[in-house]
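Here is the structure we will look at.
Quick note on labels: first sequence line is chain A, next is B, and so on, each numbered from 1.
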2 protein chains.
Amino acid sequence: MEHLEEATLLRQQGHRLTPQRLQVLQVVKSNARHLTAEEIHAAIVPEQPYIDIATVYRSLQWLQAVGLVAPINIGDGRLRYEYRHRGDHHHHLICQECEQETEIPDDVFAMLKTTIEERYGFTIQLEHLAIPGHCAACRVVMVQRS
Amino acid sequence: MEHLEEATLLRQQGHRLTPQRLQVLQVVKSNARHLTAEEIHAAIVPEQPYIDIATVYRSLQWLQAVGLVAPINIGDGRLRYEYRHRGDHHHHLICQECEQETEIPDDVFAMLKTTIEERYGFTIQLEHLAIPGHCAACRVVMVQRS
DNA sequence: CTTCGTGCAAAAGCTTTGCAATGCG
DNA sequence: CGCATTGCAAAGCTTTTGCACGAAG
């Protein structure tokens with residue numbers, strides 16, 4: 001088990017650390033892609049063969065509670081999880097062709113927020129947005145196909 | 001069973017119409033809120049006590065295939081369905097306090113689309129977006145509470 | 001009359017929960 | 001040593017599927 005930087009802080013805050021929780025955090029944190037609970041479980045099994053998927057789910061809930069991971073829903077029926085840098089709000093462009101995810105900062109939505117605030121008196125609260133579409137590379141491929 | 005305007009057209013196109021399918025369409029169409037399959041089923045039972053939830057799901061899939069309804073995912077674990085006016089693309093602001101849904105036209109995102117296209121070479125394909133936040137009325141209540 | 005849709009029941013997929021045993025602090 | 005967390009098994013919830021019957025065109 002690598003020593004994660006947040007370990008000491010969490011322990012100071014009175015949280016109970018277990019190899020399982022640390023391993024889940026480690027996997028979510030070190031993975032570029034957003035993984036499902038099952039994928040996270042699969043990634044841990046080689047190192048900790050007896051870890052149960054239920055423990056992965058419980059660890060993920062705990063990690064959400066302490067603010068270290070956030071769930072994201074790309075609409076395919078299962079939740080995925082991402083590491084949440086300290087208070088960092090960002091969003092993702094998800095290519096429907098190659099599934100690649102591009103991270104975009106929250107301030108891209110500044111103008112949209114203002115517009116909707118003005119026109120509808122509605123305050124947008126974007127925790128995380130997964131925006132579907134097509135990346136440049138796949139668009140080329142699609143044009144060639146047609 | 002009321003005669004829905006799309007009935008004749010569908011029949012002309014060779015589709016097989018059943019009371020169940022028409023009833024599902026009718027409920028989705030006449031409801032302002034976006035309903036889950038279970039809610040749709042519950043709404044039909046008084047009129048057709050023997051309709052099964054499986055039939056509701058199958059009818060909804062068929063209605064999606066013929067382009068009359070679209071699923072929307074607000075991330076609470078079950079899908080909701082909305083009536084799709086002819087080729088009409090729109091989105092919703094969903095108040096997290098009172099759950100009220102406000103419809104907004106697609107062109108509110110025109111600027112955002114351009115920005116993301118330019119900055120990331122990514123073409124947004126927004127079928128339907130459910131944007132969380134707080135409506136004006138609930139914001140007042142929230143301020144009063146604090 | 002043929003084909004497709006329905007009802008019913010069972011299964012599938014993701015996530016949660018109860019409980020006794022284990023291990024963290 | 002006490003209590004939270006784990007593993008295991010079972011249940012929950014939404015959605016899907018197999019199959020024989022029944023209805024649509």
Transitive ILVMFWY cluster of [X] at side-chain heavy atoms under 4.5 Å: who else is in it?
{"X": "B:V140", "value": "none"}
{"X": "B:L129", "value": "A:L93, A:I104, A:V108, A:F109, A:L112, A:I116, A:Y120, A:F122, A:I124, A:L126, A:L129, A:I131, B:L93, B:I104, B:V108, B:F109, B:L112, B:I116, B:Y120, B:F122, B:I124, B:L126, B:I131"}
{"X": "A:V141", "value": "none"}
{"X": "B:M142", "value": "none"}

For this session: List for me each residue that meets ring pair (Phe, Tyr, Trp, His ring centres under 6.0 Å) alongside B:H41, sequence neighbours excluded, and say none if there are none.
Result: none
Problem set entry | Partners passing ring pair (Phe, Tyr, Trp, His ring centres under 6.0 Å) against B:H134 (at least two apart in sequence or in another chain) | none
Exercise. How would you list, by chain and number, every residue that makes a side chain to side chain donor-acceptor pair (under 3.5 Å) with B:R139, sequence neighbours excluded?
Worked result: A:E117, A:T123
Nearest-angstrom distance from the residue atom [atom1] of [X] to [atom2] of [N]:
{"X": "B:E39", "N": "D:dT15", "atom1": "CD", "atom2": "C1'", "value": "15 Å"}
{"X": "A:I44", "N": "D:dT6", "atom1": "CD1", "atom2": "P", "value": "11 Å"}
{"X": "A:Q12", "N": "C:dC24", "atom1": "CD", "atom2": "P", "value": "19 Å"}
{"X": "B:W62", "N": "C:dG5", "atom1": "CH2", "atom2": "C1'", "value": "11 Å"}
{"X": "B:I40", "N": "D:dT15", "atom1": "CD1", "atom2": "C1'", "value": "13 Å"}
{"X": "A:H41", "N": "C:dC14", "atom1": "NE2", "atom2": "C1'", "value": "14 Å"}
{"X": "B:E38", "N": "D:dG12", "atom1": "CD", "atom2": "C1'", "value": "12 Å"}
{"X": "A:L60", "N": "C:dT16", "atom1": "CG", "atom2": "C1'", "value": "13 Å"}

Output one line per pair: protein atom, nucleotide atom from nucleotides 20-22 of chain C, and distance, for all N/O pairs under 3.5 Å.
none

For this session: Dump the intermediate steps for side-chain contact (heavy atoms from CB on, under 4.5 Å) on A:Q96 and B:Q125, then the final yes or no.
Result: CA-CA 9 Å; A:Q96 304 194 284; B:Q125 202 108 47; 4.2 Å; yes
Problem set entry | Rounded to 10 degrees, the angle between the two terminal axes of the helix from C:dC1-D:dG25 to C:dG25-D:dC1, each from five pairs | 40°
Exercise. Do we see a donor-acceptor contact under 3.5 Å between the side chains of B:H15 and B:E6?
Worked result: no
Problem set entry | Pair A:H34 and A:H92, ring centroids less than 6.0 Å apart | yes
Exercise. With sequence neighbours left out, which residue pairs that include part of residues 48-72 of chain A fulfil the salt bridge (Lys or Arg N to Asp or Glu O under 4.0 Å) condition?
Worked result: none
Problem set entry | Whichever of B:L79 and A:R21 has its nearest DNA chain D nucleotide further upstream toward 5' | A:R21
Problem set entry | Hphob cluster co-occupancy, B:V66 + B:L9, side-chain heavy atoms under 4.5 angstrom | no
Problem set entry | Passing candidate, side-chain hydrogen bond (donor to acceptor under 3.5 Å, both in side chains) with A:E82, options A:R33, A:H90, A:K29 | A:H90
Problem set entry | Close residues, residues 49-57 of chain B, relative to DNA chain D [heavy-atom separation under 4.0 Å] | B:A54, B:Y57
Exercise. For C:dT15, does either OP1 or OP2 sit under 4.0 Å from a side-chain N or O belonging to A:Q61?
Worked result: no
Exercise. For B:Q20 and C:dG5, is the shortest distance between a side-chain N/O and OP1 or OP2 below 4.0 Å?
Worked result: no
Seminar exercise, completed: Once base and sugar-phosphate atoms are separated, protein heavy atoms under 4.0 Å mark nucleotides 19-25 of chain D, 5' to 3', with B, S and - as ----BBS
For this session: Output the distance between atom CG (B:N31) and atom CD (B:E39), rounded to the nearest 0.5 Å.
Result: 8.5 Å
